[in-house]
Amino acid sequence: MADSNPITQTRAAPDKDGLPISDGISWLELMAVDSRPAPDILTTPSYHSRGTAPIAAARYTSETFAKLERERMWPRVWQFAAREEDLPDPGDFVVYENAGRSFLISRQDDGSIKAMHNVCLHRGRKLRTEDGSADRFTCPFHGFTWNKDGSFDHMPCQWDFTHLERADLTLPQVEVGQWGGYIFLREEPGGPTLDEYLAPLPEHFTRWRHEECTTVMWVGKEVPANWKVTAEAFMEAWHTVVTHPQLLPFTGDANSAYWTWGDHVNVNLVPFGTMSPHLDPDGRSQQWIVDEFVKYNGRSGENYEADKDPYAVSVPDGVTARAALGAKMRSAYAEQSGYDLDDATDAELLDALVYNVFPNFAPWGGYMPNIVYRWRPGKTPDTCLMEVRILMRVKKGDPHPRGVPMKYLRLDQKWTEAPELGILGDVFEQDMENLPYVQEGLHASKTGVVQLGDYQEIRIRQFQQTLDRYLGIAEGSDGAEAQA
C-alpha cells in the first residue's frame, strides 16, 4: 500500500552533481543527511489528524465572537507580556495592554516581577500609559499612590475615605511566570502551570538559550485584519509559492514539517538552502541555490564585498548548499556569540523553526538571530497589532544590555518604513497584499465557512480547536452557534 503519511512522503531527485535537490524530499530525510547528528526534537514527529470540519468565517469578523474571546479565553491563558531586558532594573515597569485590559509589570528590589491591573481604584484612570521606572505609581487625576508591588501607599484627603480599608486598596494582582527570558502573565488564577502550558517548548529551546538573548529590533504595526487571520498567515509555509515566489530558489516550502503537541504548542520546520519542489531542478546546481540566496539578500551589486558576506560561499564538489551554508554560519555565529557551536545542525543555523504557543506567541528556534512574533486584537475584530522582535545572543561574558523599545507603525504605514527589518519588511508587505482582502472576503463569504488542508494547515486547526475549548464550543462544530 502506498505511504499516505504526509510526514514521510518523498520524491527525491538528484541535481546535476548527483546530490539530492528537493523534489518532495521530506523534512526527516533532510535531517538524515544533515552535516551534524540532528537532536530528537528535530527528528521526532508529533502529528495526528484533527478532523476536516470547516471553520466559521464569522469567528474572524463577529464582535460577538470577539467578546467571547475577551471574556472566556484571554483572562485564562498565559500571555507573553514582556522580555526580561525590557525591565532589567528595580523600579522598571512595562505597560502591557491586550483585549481591553491594561497591566503594569514591575521589577521589584529583589529582582522578582509583579504584575497588577493598571487602573486607579478611585475613579478608574490608567495609572501609566508608557513604560518607565518608578518606585511608586501615582494617579495623575487625584494623587492616589501605590508602591511598585501594588500595595497601597497613600491618598490625599484620606479623612474623606474612612469607609475604605487599606487592604481593599491593593491593586488587583495577576499571575506571573518566567521562562527563557520571557515574562508571561495570566489574569485569572488556576489551570496549568507555565511549564505545563509551554511543554515541550522549554525542552526544545534548552539548546538555543533565549535567556541569553536581548531584543535588538522591535517593530509593531496595526494591520487591517483580525488577529487570528494575521497569526494564521504565519502558521504555514505553502503560501510561499504564490505570495513569496522570490524565496523559492532556496526555500523548501513544501518540504516543511508541521507538528503539534497537546493544546498549546506547535511548530513549522521550514528548510532553507534547498530548492522548492515547485521549481524544475533540471540544470540547477547547489551553487545556484547559494547564489540565488545571496542575490535575494541584496548583497550583490556595485559595492558588494564577497569576502565579508557570510552567505557568499563557494560550494565544494560533493557538498550540498545547506552543508556549505551551515558550515559558514556555524563559524560566524560561534564567533558572534562566543559559544562552541560544533554540534549545531545545519537546520539550527539556517532554517525557520517557527514555534507557536497559543494564543498569540511565536518564537523561532535555532542559533541565528531569532524572530519572535506576537499578535494582539484591535479595537474591532477587523484590526490587530502585529509585532516582530529580533533577538540576538549576548556575547558570552558581556553584560546583558537593555532591549530596544518598539517602533510603532500606523495602519497607513508600510512595514518597509521600518528599514531596520531589512528584507523582512518586503516579505511582510507581500503578506499585507493578502490580509486586508482576506478580512473583506470573510465578511462577504456566501458559504460562511473556511476550509483547511489536512497537513499543511494542521497548526491552524489545532489553534482553532484549542480556542473552541476555552470558549466552550462543542467539538466538531464550526463555531457558527457562537455568533448567535
Side-chain angles (χ1 to χ4, degrees), residues 53-81 95-103 115-119 124-126 129 172 174-175 184-192 197 220-233 235 263-264 356-362 373-387 411 435-436 438-445 447-450 452 460-484:
I55 304 297
R59 64 175 48 208
Y60 301 99
T61 61
S62 161
E63 172 54 32
T64 301
F65 197 89
K67 184 172 184 287
L68 277 180
E69 293 174 350
R70 292 193 296 270
E71 292 177 349
R72 301 183 185 178
M73 185 272 286
W74 286 113
R76 293 172 174 82
V77 296
W78 284 106
Q79 302 180 43
F80 161 48
V95 176
Y96 171 67
E97 298 189 316
N98 187 35
R101 297 294 198 206
S102 183
F103 305 96
M116 61 217 75
H117 287 262
N118 179 30
V119 177
R125 191 198 194 280
K126 288 181 181 178
T129 58
V174 297
E175 287 188 292
F184 297 82
L185 61 77
R186 180 168 58 186
E187 182 180 352
E188 294 295 334
Y197 191 95
K221 174 171 166 35
E222 190 177 2
V223 176
N226 185 265
W227 72 276
K228 299 182 295 298
V229 165
T230 308
E232 288 171 0
M235 291 187 195
D263 289 338
H264 299 117
N356 266 76
V357 176
F358 183 86
N360 64 332
F361 168 49
Y373 299 130
R374 181 170 65 182
W375 302 272
R376 290 187 268 174
K379 292 182 179 180
T380 77
D382 294 325
T383 63
C384 72
L385 177 67
M386 176 175 169
E387 297 168 63
L411 198 63
L435 297 183
V438 172
Q439 191 67 22
E440 291 180 15
L442 290 166
H443 276 284
S445 173
T447 65
V449 296
V450 171
L452 299 175
I460 299 174
R461 193 171 295 283
Q462 180 215 34
F463 169 78
Q464 291 288 348
Q465 289 175 349
T466 299
L467 181 57
D468 285 350
R469 291 188 180 95
Y470 279 96
L471 301 188
I473 296 173
E475 186 174 351
S477 166
D478 65 7
E481 71 274 16
Q483 318 313 317

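None of the values given here were measured: they were computed from a predicted structure.
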- Determine whether Arg59 and Asp468 make a side-chain contact, defined as any pair of heavy atoms from C-beta on separated by less than 4.5 Å. yes
- Message: What I want to find out is whether Glu188 reaches Arg72 closely enough, with some N-O distance under 4.0 Å, to be called a salt bridge.
- Response: no
- Is there a donor-acceptor contact under 3.5 Å from the side chain of Arg70 to the main chain of Gly100? no
- To the nearest 0.5 Å, tell me how far Glu69 CD sits from Leu471 CG. 6.0 Å
- Message: So which atom in Arg76 and which in Glu71 form the shortest heavy-atom distance, rounded to 0.1 Å?
- Response: NH1-O, 3.0 Å
- Item | Validation row, ring centre Tyr197 to ring centre Phe184 under 6.0 Å | no
- Query: Looking at residues at least two apart in the chain, or sitting in another chain, which of them share a salt bridge (Lys or Arg N to Asp or Glu O under 4.0 Å) with Lys221?
  - Reply: none
- Using a 4.5 Å cut-off on heavy atoms from C-beta on, say whether the side chain of Phe65 contacts that of Lys228. yes
- Message: On a heavy-atom basis, which atom in Ser445 and which in Val449 lie closest, and how many Å separate them?
- Response: OG-N, 4.0 Å
- How about Arg461 and Gln464: do any of their side-chain heavy atoms sit closer than 4.5 Å? no
- Query: From Asn118 CG over to Arg125 CZ, what is the distance, rounded to the nearest 0.5 angstrom?
  - Reply: 9.5 Å
- Message: A side-chain contact here means heavy atoms from C-beta on lying under 4.5 Å apart; do His117 and Phe103 qualify?
- Response: yes
- Tightest non-hydrogen contact, residues Arg376 and Asn360, listed as CG-ND2, 4.1 Å
- Query: Distance from Phe80 atom CZ to Tyr373 atom OH, nearest 0.5 Å?
  - Reply: 14.0 Å
- Residue list, side-chain contact (heavy atoms from CB on, under 4.5 Å) with Pro377, at least two apart or on another chain: Trp74, Asn98, Ala99, Trp227
- Message: Between Val223 and Val229, does the side chain to side chain contact (heavy atoms under 4.5 Å, CB included) criterion hold? Intermediate values first, please.
- Response: CA-CA 10 Å; Val223 176; Val229 165; over 6 Å; no
- Task: Compare every heavy atom of Ser102 with every heavy atom of Glu97, then report the nearest pair and how far apart it is.
- Result: OE2-OG, 2.8 Å
- Approximate separation, where rounding is to 0.5 Å, of Met235 CE and Ile460 CD1: 6.5 Å
- Item | Atom pair CZ/CH2 of Phe361 and Trp375 - distance to nearest 0.5 Å | 10.0 Å
- Taking the side chain as C-beta and beyond, is there a heavy-atom pair between Met386 and Leu435 under 4.5 Å? no
- Task: Go through Asp382 and His443 one step at a time and tell me if the side chain to side chain contact (heavy atoms under 4.5 Å, CB included) criterion holds.
- Result: CA-CA 10 Å; Asp382 294 325; His443 276 284; 2.7 Å; yes
- Task: Find out whether Glu175 and Trp78 are in side-chain contact, i.e. whether some heavy atom of one side chain is under 4.5 Å from a heavy atom of the other.
- Result: yes
- Taking all non-hydrogen atoms of both residues into account, name the closest pair between Pro381 and Asn226 and its distance. O-ND2, 2.9 Å
- With side chain to side chain contact (heavy atoms under 4.5 Å, CB included) as the test, would you mind laying out the steps for Phe463 and Asn356 before giving the verdict? CA-CA 9 Å; Phe463 169 78; Asn356 266 76; over 6 Å; no
- Message: Run Gln439 and Thr61 through side chain to side chain contact (heavy atoms under 4.5 Å, CB included) and show every step you take.
- Response: CA-CA 7 Å; Gln439 191 67 22; Thr61 61; 3.8 Å; yes
- Note on the structure: Correct closest heavy-atom pair for Asp263 and Thr466 would be O-OG1, 2.5 Å
- Query: Any side-chain heavy atom of Val438 within less than 4.5 Å of one from Tyr60?
  - Reply: no
- Query: So do Phe358 and Leu467 actually touch side chain to side chain, heavy atoms under 4.5 Å?
  - Reply: yes
- Taking atom types as modelled, is there a side-chain donor on Gln79 or Glu187 under 3.5 Å from an acceptor on the other? no
